[in-house]
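Count residues from 1 along the sequence.
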Amino acid sequence: VRTSLFPELLPSSRTRATVFVASAWHLGWSAAAHARLGGYLDSWGVHSLIPQLALTKAWTDTLLLELEYRYYRQSKAEFYQPVYAGLEPRLAGDMRLGRITEHAAAVELECQLSGRRDSFGSLRAVGRVELTRLRYEQLPSEAIFGKVFQLGLLGAY
């Protein structure tokens, strides 16, 4: 553990459960709204809630645009502390076991190059830009800003 002279002492097992529900609404004009809600719970006391909203618009038969926002909020593990005063029954040095909040926004553009979407032999090109703001709430550090750029080819077989 970075904040003490003692090694990490974690439980020997961890039971995890996740749930995810989603819905979509056709808005007309070849557009749709998507609402997604994810949840996580484990035996270490960590739980999270992950709501997402997305708007998609088909500009042509081959061009699709998506705008997305995701919020992530996580509680801390029952035994996690950023600093330990002494030897505890459980010690964790991983800040990812602490309270976390994240905001993420993304823009994705997809172009169907061949075939029908998700049909055998189809090929799509995808470009995505995502901006995130991550904060480890129990640490005095500043928020972490991330920029993710993705380019890819997706084929169905």
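Counting only heavy atoms from C-beta outward, the side chains of Leu139 and Met95 approach each other to under 4.5 Å. Under the 4.5 Å side-chain criterion, counting only non-hydrogen atoms from C-beta, Arg70 is in contact with Glu102. Counting heavy atoms from C-beta outward, Glu108 and Glu68 have side chains that stay 4.5 Å or more apart.
With Arg96 contributing its side chain and Ile100 its backbone, the two residues share no donor-acceptor pair below 3.5 Å. Panel note: side chain Thr132, backbone Lys147; no donor-acceptor pair is recorded below 3.5 Å. The backbone N or O of Tyr80 lies less than 3.5 Å from no partner atom in the side chain of Trp44, so there is not a single donor-acceptor pair. Listed for the Ser75 side chain is a donor-acceptor partner under 3.5 Å among the backbone atoms of His47. With hydrogens and angles ignored, the 3.5 Å screen pairs no side-chain donor or acceptor of Gln138 with any backbone N or O of Gly98.
Listed here is the closest heavy atom pair of Glu130 and Ala104: OE2-CB, 3.8 Å. Here the closest non-hydrogen pair linking Ser13 and Ser43 is O-OG, 4.3 Å.
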Scan the side chains in residues 59-66 for donor-acceptor partners under 3.5 Å anywhere in the protein, sequence neighbours excluded, and list what turns up.
unit_1: Thr60; atom_1: OG1; unit_2: Thr62; atom_2: N; d: 3.2
unit_1: Thr60; atom_1: OG1; unit_2: Thr62; atom_2: OG1; d: 3.3
unit_1: Thr60; atom_1: OG1; unit_2: Leu63; atom_2: N; d: 3.1

Can you give each donor-acceptor pair under 3.5 Å made by side-chain atoms of residues 22-38, sequence neighbours left out, with the distance rounded to 0.1 Å?
unit_1: His26; atom_1: ND1; unit_2: Gly28; atom_2: N; d: 3.3
unit_1: His34; atom_1: NE2; unit_2: Thr56; atom_2: OG1; d: 3.3

Check step by step if side chain to side chain donor-acceptor pair (under 3.5 Å) holds for Tyr72 and Gln74.
CA-CA 7 Å; Tyr72 179 82; Gln74 174 184 297; 2.6 Å; yes
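The line from CG of Leu113 to CG of Leu153 is 7.0 Å long, rounded to the nearest 0.5 Å. Summarising the geometry, atom OG1 belonging to Thr15 is positioned 10.0 Å from atom CG belonging to Leu41; distances are rounded to the nearest 0.5 Å.
Residue His103 qualifies as enclosed at atom NE2: its count of foreign heavy atoms under 6.0 Å is above 12.
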